[in-house]
Student: 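Sharing a structure here in structure tokens format.
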Amino acid sequence: MRNLIGIAVSLISLVFTQIHTQNVICDFETIENDYICTIVSANITSDTIPLEFLSQHLDGRNDSHVTVVKTNSSFSGRISIYHPQFTQQFPNLQVIDLQRLRIMDLSNSSFQQCDELRKINLHFNELNYLQDNLFDNCIKLVKLILSNNHIQVLTDATFYGLHDLEVMNINLNLIHTISDNVFRNNRKLKELHLGNPWNLYQYNPRMLEYLQELEVIELSDWHINFNDTEIILNGLTNLREIILRKNYYDYLNFEFFSQFENLMVLDLNDNSLRDIVDYSMQNLTNLKELYIQGSFIQTLTENTFTGLDNLEILWLGYNNIDTILENTFSNLKNLKELSLIFNKIDVLQDGIFQNQQNLQRLHLGVNMITDLRPGVFEPLTSLESINIYNNNIKSLNTNAFGKHEHLTEFTASWNEIYEIERNFFENFPNLQLLVISKNICIDKIIENFQNVNVSKILAKCFENWVNQRTTTSSTEFPTTTDGGDNGSILTYSILLIISLIFAVFIVQ
Ligand SMILES: *[C@@H]1O[C@H](CO)[C@@H](O)[C@H](O)[C@H]1NC(C)=O
Ligand SMILES: *[C@@H]1O[C@H](CO)[C@@H](O)[C@H](O)[C@H]1NC(C)=O
Ligand SMILES: *[C@@H]1O[C@H](CO)[C@@H](O)[C@H](O)[C@H]1NC(C)=O
Ligand SMILES: *[C@@H]1O[C@H](CO)[C@@H](O)[C@H](O)[C@H]1NC(C)=O
Ligand SMILES: *[C@@H]1O[C@H](CO)[C@@H](O)[C@H](O)[C@H]1NC(C)=O
Ligand SMILES: *[C@@H]1O[C@H](CO)[C@@H](O)[C@H](O)[C@H]1NC(C)=O
């Protein structure tokens, strides 16, 4: 009987301790100056029941050495509420990195002890509410990432104590209200992402005026017109990077950006611009990246890009561009990447790339180009990849190209190519990826193909040849092709299409 009671008591106490602590299993490791706890398993559903850390420290280490608490994609279990004990248990904790866990709550005690924290990353959780004064004790916090949550309101006290904060990301929340002085205490902010609120109906257009050190601002998907944008950004003269995607601007005054002398990145993807006024960007001499993908621009003239002498990346895809005059890009001598995909270009004018000796990546897919004029790509001596997929090109002729020593990727699928000259690939001695599936390519024979990585040749025209190479290791080339399709080509094409769609998706 006494035994039975003893067992019962120990069972009860076992249950008791199990209920009254929540277990956390860490994998400890040292990387450079950090001693890291990677939580591999935990069940944290209450922020009042204590946590019990079950793992052994590495030799010579104890709780006070831990500087980083994080999870990775191997995490198992559940963390539905942030627990204040992380910073209590590890008094020198500097980084909290708990992403993609469906954490729903932060209580007002979450960061009561927060003295040493430098970085909080709670990206992709389900937080819907930030208590006022929540971060008041996090006086050393430099970086706060709360993107992809369900936060709806930012009040004057939400970020109150964060005097040293430099980076804040609250993209992709459900924000509808931002109070007037929300950033009043965050005067050291350098980078602020406020993109993709949900249904923003209350904000103060002068709410950023305290942020004189701001270098990066994102106001994507605000659905505001350009005049309102001007009021928000006016005077923030240190801006280096301005991201204004998906605002449906149909009008935009590029001259406004002249006041930002250090402007290097201007992202205007997914708006509704109809044209770019000649010379309007002429003062943006430090601009390195310009994204104007997804508008309704139709015409580019030789003065559209005047002044952008340091531009390196230019995206003009998904517009209605049908006309590009010969000298349009001629002052862009430092261009490294040019995208004109999904437009209505039918002719590449002679000399259009004449000054593009630094261009490395050229994207011309999904246009209406029918033929490649002699010498059109010849100036592109630094070219590394070119895609001209989904046009109406009938022939790949050598004289459109020059010698492209650095070219490794060539994509010309979904055209009407029925012939490729014998020595076409001689000028691309380092070609690694060739995609020319979905063409007509009936009976021309490619002979000089030694330099191309055969395992990646996907063209219907070379099907037999590929098969021969892979199945019999023959070095002979076929003299005819039967034009039949086969499964692997289909699979590759589908994969290609999916990856293109995916790429486009990411790019947007
Ligand atoms: C969390 O709960 C799951 C399932 O209930 C269990 O398999 C796992 O061991 C628990 N982890 C910890 C650290 O208690
Ligand atoms: C942790 O180790 C340090 C020495 O590296 C020691 O000074 C400190 O007292 C230890 N802390 C605990 C809680 O054991
Ligand atoms: C996650 O961290 C654990 C513990 O450090 C490690 O064993 C695992 O390989 C990591 N998983 C990934 C996907 O990085
Ligand atoms: C924390 O929140 C609880 C209720 O959520 C409240 O009763 C308590 O007063 C708050 N504590 C502080 C210090 O604000
Ligand atoms: C360029 O800057 C000059 C001098 O500040 C100014 O007069 C001119 O209007 C600006 N032009 C454009 C297109 O922004
Ligand atoms: C050719 O491509 C295959 C498959 O991608 C790759 O494994 C191989 O290293 C490549 N060979 C050369 C010489 O580049």
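Start at 1 and go down the list; that is how both ligands and their atoms are numbered.
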Student: Quick one: look at Arg61 and ligand 2, take heavy-atom pairs under 4.0 Å, and tell me if it's side chain, backbone, both or neither.
Tutor: neither
Student: Can a side-chain donor-acceptor contact be found between Tyr249 and Thr229 if the only test is distance below 3.5 angstrom?
Tutor: yes
Student: What donor-acceptor contacts under 3.5 angstrom involve side-chain atoms of residues 97-106, with partners at least two apart or in another chain?
Tutor:
unit_1, atom_1, unit_2, atom_2, d
Asp97, OD1, Gln99, NE2, 2.8

Student: Under 4.0 Å between a side-chain nitrogen and a carboxylate oxygen: does that hold for Arg245 and Asp267?
Tutor: yes
Student: Enumerate the atoms of ligand 2 whose separation from the nearest heavy atom of Asn62 is less than 4.0 angstrom.
Tutor: 1 (C), 2 (O), 3 (C), 8 (C), 10 (C), 11 (N), 12 (C), 14 (O)
Student: With a cut-off of 4.0 Å, which atoms of ligand 5 are near a heavy atom of Gln282?
Tutor: 11 (N), 13 (C)
Student: Strictly by side-chain hydrogen bond (donor to acceptor under 3.5 Å, both in side chains), give each pair with a member in residues 142-151 just once, sequence neighbours left out.
Tutor: His123-Ser147
Student: Taking distance alone, with no angle check, do Ser280 and ligand 5 share an N/O pair under 3.5 Å?
Tutor: no
Student: Got the residues with a heavy atom under 4.0 Å of ligand 3, by chain and number?
Tutor: Asp27, Thr38, Val40, Asn72, Ser73, Ser74
Student: Quick check on contacts: which atoms of ligand 5 are under 4.0 angstrom from a heavy atom of Tyr279?
Tutor: 13 (C)
Student: Within this structure, what is the OG1-CD1 distance for the pair Thr21 and Ile49, rounded to the nearest 0.5 Å?
Tutor: 8.5 Å
Student: May I ask you to decide whether Lys336 forms a salt bridge with Glu312, counting only side-chain N to carboxylate O separations under 4.0 Å?
Tutor: yes
Student: Measure centre to centre between the rings of Phe226 and Tyr248, then say whether the value is under 6.0 Å.
Tutor: no
Student: Just distance, no hydrogens or angles: give the donor-acceptor pairs under 3.5 Å from side chains in residues 26-36, sequence neighbours left out.
Tutor:
unit_1, atom_1, unit_2, atom_2, d
Asp34, OD1, Thr67, OG1, 2.8
Tyr35, OH, His57, ND1, 2.9
Tyr35, OH, Leu58, N, 3.1

